[in-house]
Number of protein chains: 2
Amino acid sequence: MRAFWERGYDGVSVAQVCAEAGIAAPSLYAAFGDKNALFEKACALYTEHLDEDLERDLSAPTARQAVERLLRSSAEHFTAPGQPPGCLVMGEPRLTERRDKTRGMIRARLRRAAAEGELTSVAEADQIAAFIDTVLTGMAARAREGADRTRLLDAARYATRAWPA
Amino acid sequence: MRAFWERGYDGVSVAQVCAEAGIAAPSLYAAFGDKNALFEKACALYTEHLDEDLERDLSAPTARQAVERLLRSSAEHFTAPGQPPGCLVMGEPRLTERRDKTRGMIRARLRRAAAEGELTSVAEADQIAAFIDTVLTGMAARAREGADRTRLLDAARYATRAWPA
DNA sequence: CGCCAACCGTAACGCACGCTAAAGAACGTG
DNA sequence: CACGTTCTTTAGCGTGCGTTACGGTTGGCG
């Protein structure tokens, strides 16, 4: 998981995984099948607590608080010490499906806010969702190329000021 | 250039470039040297008009207008019809240097705004620069995975509302 | 101690890659 | 028409990839 997280599916060779894991290739193949299956296992491990964290953040009483929490915890996750910078899901081209899922949850939360009167319309909710998606994607990419936590949190803080109270 | 733009350096094989260009490998090697030199030529072509466009956008009278123009023209560039979606520079891990240059120009423009009193401090300028960097990076990534122009412009519009007038 | 089964590392396969040498075609010049 | 130059094509090199067959080692059990 660490290797895929750092360098992506195509950037990691099976030999490198074997070296980092301290085992030989046949053992790895006996345990996981092939590189694809190994990657899916790594993804499953990575995304294990992702949905609940997401739901926890998004369950805040107001959409503004929900987005604030989401952006803040994402910035912290993308720069967690002892872990690779960025996000395995955001950095992997083939995981479009998983990203769409997250986007759908954000959009749903904002549409709920529109239905509850916190936002003026569903259209506004979708636009803000697109904006938040963009910021999250950017934060992950910036983290991977070395942006530190402070800078990401700065970006997150300004992003939450984007729509009027 | 199109091939590298669409799929990145590692995602493009010399054989594919040859097929798309309608020439054989030795001709390509005679003309460009090797894959790296070809890529640098493609980058030079891509970035040819990039700095002037950037300076044109950033030369707006106020920093807010400068950022508005930059975000808007970037959103349009990332979704230009007949061209690959996204940005060659933003999508290529090895072009960190080029991205840093763009970031430096944005930060310089916002620091100027701080010096001129449009922003309250250099610290605020740097924070807004980090935010704008993040949004730009995210817009390029979102464009590459299929986000349409409308969505990117929505994100750009909300990003410009992030700091008070 | 002897046996069997499970495990592990070595070595190799087929393939695609970046790259290049040498054969062959096209073309202007005498 | 013959020739020399220039470009293109064919074919192949070495390397690293994902993957797997095989022989040696280890460890538990009678």
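So you know, we letter chains A, B, ... as the sequences are listed, proteins then strands, and number each from 1.
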Measure the CG-CG distance between B:D154 and A:D126 for me, rounded to the nearest 0.5 Å. 9.0 Å

For a quick check of understanding: with a heavy-atom distance under 4.0 Å over all strands, which category does B:V12 fall into, base, sugar-phosphate or nothing? sugar-phosphate

A:E55 and A:S59 side chains, donor-acceptor separation under 3.5 Å: no

Rounded interatomic separation in angstrom, taking CG from A:N36 and P from D:dT19: 8 Å

Would you please confirm or rule out a distance under 4.0 Å between OP1 or OP2 of C:dC19 and any side-chain N or O of B:Y29? yes

Roughly, in whole Å, what's the span from CG in A:D10 to P in D:dG16? 18 Å

Earlier contact from the 5' end, DNA chain D, for B:A24 and A:Q16: B:A24

Looking at D:dT8, I'd like to know if its phosphate oxygens (OP1 or OP2) sit under 4.0 Å from a side-chain N or O belonging to B:S27. yes

Specify the separation, in whole Å, of atom CG of A:D34 and atom P of D:dC17. 17 Å

From CA spacing to verdict: ring-ring contact (aromatic ring centres under 6.0 Å, His included), B:Y46, B:W5: CA-CA 9 Å; B:Y46 183 87; B:W5 191 346; 4.8 Å; yes

Around atom CZ of A:R151, are there more than 12 heavy atoms of other residues, nucleotides or ligands at under 6.0 Å? no

I need the CZ-C1' distance between B:F4 and C:dG18, as an integer number of Å. 12 Å

Which residue, A:A15 or A:P26, contacts DNA chain D at a nucleotide closer to its 5' end, judged by nearest heavy atom? A:A15

Atom-pair distance (CZ on B:F32; P on C:dC19), nearest Å: 14 Å

Considering only heavy side-chain atoms of B:A25, the closest of D:dT19, C:dG18, C:dT20 is C:dT20

Length of the CD1-P vector between A:I23 and C:dC8, whole Å: 8 Å

